Amino acid sequence: MTNSLNSAPMAHCQPWTVAGATLTSRFLQGTARYPSTQVLTDAVRASGAQVLTVGLRRLQPEGGGGDSFWQDIQALGCHILPNTAGCYSAQDAITLAQMAREMVGTNWIKLEVIGDEQTLQPDTAATLQAATVLAREGFAVFAYTTEDLVTAQRLHAAGCAAVMPWAAPIGSGRGPMNPYALEILRRRLSDAVLIVDAGLGRPSHAAQVMEMGFDAVLLNTAVAQSGDPVRMARAFADAVAAGRAACESIPAPVRAQAQASTPAAGMPFAQTA
């Protein structure tokens, strides 16, 4: 593969399935806070992302060019994942999801129910309540949550298409703050689609969680607010693919002490007849 910005990104790897869709990219991309719609468009093309998350208010044409934005997003040919950003109760999130289904024509919904204004930490109880209702109504729920194992198990049991634990608070860019908990999530929910959402700041963070075995990552600020969003989008796409490849390749075990890679005695290479 080549590193040219005009070539197909490394993120296109072995196909995987979520909510009935087969994808080759494991990088889900947000669409907010970009310097311009053109930069957003170029970044999406550079990343090879096939799923874009969009706030419902940005799809509304009145007062802000929402119609033009929506046309630009549609032209990219990606799956649209509307989100319930800004909701602080289960009922508000349910109502917004129902509106999104009518406006966008998809049963996919990124469920966010915020519990704290400063940290933007999700209200896990309200999230579970809303997820249960929406799943019963036929939505493919992508549920944003913390790294808490019990909450993730309950969301999966409620029928969520994907459970999306954070790595760190939204927009913080701190990377995985509790990798131990994330590793447990992946191990215990081996049959669930798990997507790390929020808090990733650098491509190395994305590679780290992909090496753990997560199915994909979803991020926005780390690309949109970087000095060069297009180049950064490509960097994240390559990191996602590298992390996934490392996971599938089964890394060598970690050892408690040194072990020489070259034998101290004997022949280092097998001889052939």
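Basis for what follows: all heavy atoms, side chains included, without hydrogens, waters or symmetry-related copies. In this text, all values refer to a predicted model and were calculated from it rather than measured experimentally.
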Checklist entry - Between OG1 of Thr37 and CD of Gln71, what distance do you get to the nearest 0.5 Å? => result 11.0 Å
Checklist entry - Got Thr145 and Val163 here, is their nearest side-chain heavy-atom distance under 4.5 Å? => result yes
Item to check | Which atom of Ser25 lies closest to which atom of Gly48, heavy atoms considered | outcome: CB-O, 3.3 Å
Checklist entry - Would you say the side chain of Met212 lies within less than 4.5 Å of the side chain of Cys247, judging by non-hydrogen atoms? => result no
Next on the checklist: Testing the 3.5 Å rule here: is there a donor-acceptor pair between the side chains of Ser204 and Gln208?
Outcome noted: no
Checklist entry - Do Trp108 and Trp16 share a hydrophobic cluster (ILVMFWY, side-chain heavy atoms under 4.5 Å, transitive)? => result yes
Checklist entry - For Phe142 and Asn83, what are the C-alpha separation, side-chain angles and deciding distance, and is it a side-chain contact (heavy atoms from CB on, under 4.5 Å)? => result CA-CA 9 Å; Phe142 294 64; Asn83 68 52; over 6 Å; no
Checklist entry - Can you tell me how far the CD1 atom of Ile73 sits from the OG1 atom of Thr41, to the nearest 0.5 Å? => result 6.5 Å
Next on the checklist: Does either side chain, that of Gln121 or that of Thr146, offer a donor lying less than 3.5 Å from an acceptor on the other one?
Outcome noted: no
Checklist outcome for this item: Residues Gly173 and Arg202: closest non-hydrogen pair is O-NH1, 4.3 Å
Next on the checklist: Less than 4.0 angstrom from a charged side-chain N to a carboxylate O is my criterion; do Arg186 and Asp215 meet it?
Outcome noted: yes
Item to check | In one Ile/Leu/Val/Met/Phe/Trp/Tyr side-chain cluster, 4.5 Å: Leu218, Val18 | outcome: yes
Item to check | Parallel, tilted or perpendicular, as decided by the 30° and 60° cut-offs, for the rings of Tyr144 and Trp166 | outcome: perpendicular
Next on the checklist: Using every non-hydrogen atom in the two residues, find where Val223 and Ala233 come nearest and quote the distance to one decimal.
Outcome noted: CG1-CB, 3.9 Å
Checklist entry - Could you go step by step and tell me if Ile195 and Phe214 meet the side-chain contact (heavy atoms from CB on, under 4.5 Å) rule? => result CA-CA 6 Å; Ile195 300 171; Phe214 281 87; over 6 Å; no
Checklist entry - Is the closest side-chain heavy-atom distance between Leu155 and Leu111 below 4.5 Å? => result no
Item to check | Nearest non-hydrogen partners of Ile80 and Pro82, listed with the distance | outcome: O-CD, 3.3 Å
Item to check | Where Ala126 and Ala90 come nearest, the two heavy atoms and their spacing | outcome: O-CB, 3.5 Å
Checklist entry - Any Lys/Arg nitrogen of Glu248 or Arg244 sitting under 4.0 Å from an Asp/Glu carboxylate oxygen of the other? => result yes
Item to check | Student check: side-chain heavy atoms of Gln129 and Val113 closer than 4.5 Å | outcome: no
